[in-house]
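Quick notes on the structure that follows.
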There are 2 protein chains.
Amino acid sequence: MSARAGIVVTGTEVLTGRVQDRNGPWLADRLLELGVELAHITICGDRPEDIEAQLRFLAGEGVDLIVTSGGLGPTADDMTVAVVARFCGRELVLDNVLEDKIAAIIERLMARFPNVDAEAMRASNRKQALVPAGAHIIDPVGTAPGVVVPGTPTVVVLPGPPRELQPMWPSALETPAVQEAIAGRTTYRQEMVRMFGLPESGLAETLRDAEKDVDGFERLEITTCLRRGELEVVTRYEPDAAEVYTNLMSLLRERHGHDMFSEDGTTVDEQVARLLTGRRIATAESCTAGLVAARLTDLAGSSAYVAGGVVAYANAAKTDLLGVDPALLDAHGAVSEPVAQAMADGALRRFGADTAVATTGIAGPGGGSEDKPVGTVCFCVKRADGPTVVRTMRLPGNRADVRERSTTVAMHLLRRTLAGSPV
Amino acid sequence: MSARAGIVVTGTEVLTGRVQDRNGPWLADRLLELGVELAHITICGDRPEDIEAQLRFLAGEGVDLIVTSGGLGPTADDMTVAVVARFCGRELVLDNVLEDKIAAIIERLMARFPNVDAEAMRASNRKQALVPAGAHIIDPVGTAPGVVVPGTPTVVVLPGPPRELQPMWPSALETPAVQEAIAGRTTYRQEMVRMFGLPESGLAETLRDAEKDVDGFERLEITTCLRRGELEVVTRYEPDAAEVYTNLMSLLRERHGHDMFSEDGTTVDEQVARLLTGRRIATAESCTAGLVAARLTDLAGSSAYVAGGVVAYANAAKTDLLGVDPALLDAHGAVSEPVAQAMADGALRRFGADTAVATTGIAGPGGGSEDKPVGTVCFCVKRADGPTVVRTMRLPGNRADVRERSTTVAMHLLRRTLAGSPV
C-alpha cells in the first residue's frame, strides 16, 4: 500500500518567477516525513482554467491527496476555492460563523489603518467566507481560511503566504478526510551522506558496482545531487531494508572514506563550528572577499570563536593590514602559496587568533595568465598549535562559481586540518 | 495568435525541496521576454512515468513548446532523454561525433582527478551521447548535451545545473523547430522599475489611484515583488500602449521619486560600481561580517575601486584593526552610531581609502536587549571629501534576513551618499 500526493502552487507572481515558491518545498518535506509519496508539484498563474487543468491532471494520476497553496485573497483574481468547489462537484455556500470570525479579524487589523473604509473591506472579505458545501474549514491565521474537501482525491486548500500556510497545515492534517486519504502511507527511513572531492561520475561507478554486489540494492531509493561543490547522497528505504543500507554504506566507506565527511546530515559549516569550540579564528581573504568570514558567522553563536578577518583585495591591503612582505608579492605574485601563507600568518598575529584561513586567487573574468589561469586559487590554513596546510587548486566556472567554490574548499580545508585528518 | 509553453523541471532533489529550482523562474523570464505565454511549470522526481505524465499533460493542454530541465547526468537515475524520445515516438541513437566531444571534455576534467578510472568514466558518459533520432543536438557546456525534438509540441531538453542550462538556451532558441513552435508569440515590451524605502502597501495605493486616473491602465500587466528589501515593479505591454506606461511612470515619479532608484533595469550594485569609478572604498563590518565586501566585489572589475575591508567581529578586532577607542565601546556599546563612525574612520585610515562603509548590529537570535533589540543595526558611510552619513535601523526577520537586509541598506546608503542625493 502507499499514499500519493500532489501539490498545486498558484499565483502569477510565482509562475513568472518574481516570487520564489517556498510552499512547494515546505509541503514536500512534510509529506515525506509522513511517508506520503509526492509525485508532482505543479505551478500555474491565477487563471481558473489552468488551476482546474492541474487538479484534473493530478486526479488522473491517481493521487490520494492534493494540497493547493495561494489564491485565497479578497481580490477578484483569487479564485482557488471556487475552482476547487467546481472540480469537486460541490456548491459554494456562505458560512455565517466563518464570516463573523473574518469580520472580527478585519476589525482588529483596521485599528492600524484608520483611513481604510472598514465596510468596503468587510464586503470584499465576505468572499473569503464562501466555502464548498460539506468542506471542513481551517481557521484563518491571516484573514484567509483554508478548506479540506473530502473525496477521491481529498483536496486541501491553503493560503499562499508561508507564515499563514505553515501553522494551518497541522489542523488540515488532523481532519478525518486527510487522515483517510493518507492511510496507506509507508514509513520510510531517510539518510543523507555528504562527500567532498569526488566527481559525480566516480560515485556513479560505485553505485553501478553496488547494484551487482549489494544484495537487495533495488530496495534503496537513492538520489544524488551536486551542490556547492559537494555531493549529497540521499537514500530512502523501508525499515526492514536497513541491512541493505548498512551494506551499501560499508562499500561507500571502503571506496570513498576520505571524501565522505558527513553521515548524519550535518553540514561542513556545523562540523567546522564544532571543531572551533574553544578556539579563535581569523580570516585573510583576497578573491573570496569576505565570503569565508560571512560563512563562518552564518551560524548563531559564532562570535564565541570568530575574532574577525581582513579582506585584503588590493596588494597594499595585504602588506598594510596583514604584514605581507612586499618582496614576497614581487617574487611570487599575489596569487601564490607563499603569499597565502603570509596572509594566514598576518591574520593569526593581528587578531591574536590560534587558527587562520587565507585565500588568494583569480576569480575572473580578467586577470588570468597561462601560468595562473582564471580559477587558480591558493589556500592556507594555519593552526598556531599545529600544522600549516597550503593548497593550490583550479576551480571551474564563472566569477561567482569560483568565489563560492573557493569558500567551500576553504571550509573543507579547515575541517580536515582541525580534525587532524589527512588533507 | 499566441504561443504557449510549459516547463518540466525534473529531479528528486528539486521535488523534495533539498535543492531550490532556479531553472523554472529563469526560463519563465526568458519565455515572457519573447512574448511566449507560460501556462504551467511542473516539477517531478526522476521517475520516468512521472516525467512522461507531465509531458502528456502539457501536450494535452495544447502547449506549442515544452522545455525540460534536469536528468541528463551519467547516472542511471537520469532518464529524461530516454523518456522524451519515447514520448515523441523516436528511437534513441548513439551519436558518434557527440560521443567524441564528450570524451574530450571528460579527458580535460580527468586531469583534476588523477585517481578516477578514465575508461570507466568514459563508459558512463557514453549514455549521454544517446539522442532521439532526428533531434537537434545542443553542444554541452558541462558534459551533458541538450536536444531539441521537433514536433507538436516541440520539446527542448536541457541539463539541470543553471550554469549549463543558461548558456545553452540561446542555441536551443535558434533552432528552426523552436522558432516554428513559438511563431505565434506576441511582442511585448517589458520594463522594470526598482524602489527602496517604500512599503508594498504604499505602492498598492498608488496603483489603485492609477487604475482610475491613467487612461488605458488595463492595458498594462503589472506585477510587483518585494525582493531583498527592494520593491520591483515589472510592467508588460504591447508596443502601442507605450503612452499608457509613460503616464503611469509620471505618476510613480511624482509620488515616489525619492524611493525610485532604477528605471532602466540597473541594480543598486551596478549603480554603486559606477559611482565608485575613480574612488577607493574600504569596509568595516561587524554584523554583516564580510557580506558588504563580498557584494562590492561581486562585479568583475571591482579591484579598480575596492581596497579591502576589516571584519571586526570581536570588540578587540574593532580596537586593534580599526583603531576604535575602547572608551567609545564602553560608553556606547559596540552597536552604536559613534562606534559605526569610528569603524568607518578606521577603514578610511587603514586602507588609505576615500570612501568607507561600516556596519555594526545585532543579527540575533541572541544578544538583543530592550534598548537594542535583535535587528538593530547602525550604519555609517563616510567620504573623505564630503559628508558623513550615520543611520540606525531596526530590520525585521531572522539572523540571515537581518544580515542580508543590512547589506542591502549599506548599498543604498552608499548609493545615495555618493550620488549626493538626500539620504
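In what follows, chains carry the letters A, B, and so on, assigned in the order in which the sequence lines appear, proteins first and then strands, with residues in each chain numbered from 1.
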Contact summary for [X] and [Y], nearest pair of heavy atoms:
| X | Y | value |
| --- | --- | --- |
| A:Pro25 | B:Gly17 | CB-CA, 3.7 Å |
| A:Arg4 | B:Asp50 | NH2-OD1, 3.8 Å |
| B:Thr288 | A:Ala294 | O-CB, 4.5 Å |
| B:Cys44 | A:Ala39 | CB-O, 3.7 Å |
| B:Leu321 | A:Phe351 | CG-CZ, 3.7 Å |
| A:Arg280 | B:Ala314 | NH2-CB, 3.5 Å |

Among [options], which residue has the highest count of heavy-atom pairs closer than 4.5 Å to chain B?
| options | answer |
| --- | --- |
| A:Leu207, A:Ile43, A:Asp29 | A:Ile43 |
| A:Glu221, A:Arg208, A:Glu200, A:Arg295 | A:Arg208 |
| A:Gly290, A:Gly366, A:Ala28 | A:Gly290 |
| A:Gly397, A:Gly367, A:Ser303 | A:Ser303 |
| A:Ala400, A:Ala282, A:Ala317, A:Gly309 | A:Gly309 |

Taking atom CD of B:Glu205 as the centre, does the number of heavy atoms from other residues, nucleotides or ligands within less than 6.0 Å exceed 12?
no
Would you say that more than 12 heavy atoms from the other residues, nucleotides or ligands in this model lie under 6.0 Å from the CZ of B:Arg22, or not?
no
Output the option from [options] having the highest count of non-hydrogen pairs under 4.5 Å with chain A.
| options | value |
| --- | --- |
| B:Gln54, B:Glu232, B:Glu61 | B:Gln54 |
| B:Thr12, B:Thr143, B:Ile7 | B:Thr12 |
| B:Val310, B:Leu296, B:Thr42, B:Thr297 | B:Thr297 |
| B:Pro74, B:Ala293, B:Gly24 | B:Ala293 |

Can you say whether [X] sits under 4.5 Å from chain B via the side chain, the backbone, both, or neither, judging by heavy atoms?
| X | answer |
| --- | --- |
| A:Asp401 | side chain |
| A:Leu291 | both |
| A:Ala53 | both |
| A:Met192 | side chain |

Closer than 4.0 angstrom, basic N to acidic O: yes or no for [X] and [Y]?
| X | Y | value |
| --- | --- | --- |
| B:Arg349 | A:Asp320 | no |
| B:Asp298 | A:Arg403 | yes |
| A:Arg47 | B:Glu37 | yes |

Using side chain to side chain contact (heavy atoms under 4.5 Å, CB included), reason through B:Glu13 and A:Val234 one step at a time and then give a plain yes or no.
CA-CA 9 Å; B:Glu13 72 285 1; A:Val234 173; over 6 Å; no
Test of understanding: with salt bridge (charged side-chain N to carboxylate O under 4.0 Å, His left out), list the residues that count as partners of A:Glu211, not counting sequence neighbours.
none
For B:Arg350, what residues pass the salt bridge (charged side-chain N to carboxylate O under 4.0 Å, His left out) criterion, not counting sequence neighbours?
none
[X] portion near chain A, given a 4.5 angstrom heavy-atom threshold:
| X | result |
| --- | --- |
| B:Leu299 | backbone |
| B:Ala300 | both |
| B:Val9 | neither |
| B:Asp46 | side chain |
| B:Ser302 | both |

Can you check side chain to side chain contact (heavy atoms under 4.5 Å, CB included) on A:Thr16 and B:Leu32, steps first, answer last?
CA-CA 8 Å; A:Thr16 58; B:Leu32 285 172; 3.5 Å; yes
Would B:Leu15 and A:Leu38 count as a side chain to side chain contact (heavy atoms under 4.5 Å, CB included) if you check the C-alpha gap in whole Å, the side-chain angles of each, and the deciding distance to 0.1 Å?
CA-CA 8 Å; B:Leu15 180 69; A:Leu38 175 61; 3.8 Å; yes
NE2 of B:His40 to CZ of A:Phe57: how many Å apart, nearest 0.5 Å?
10.0 Å
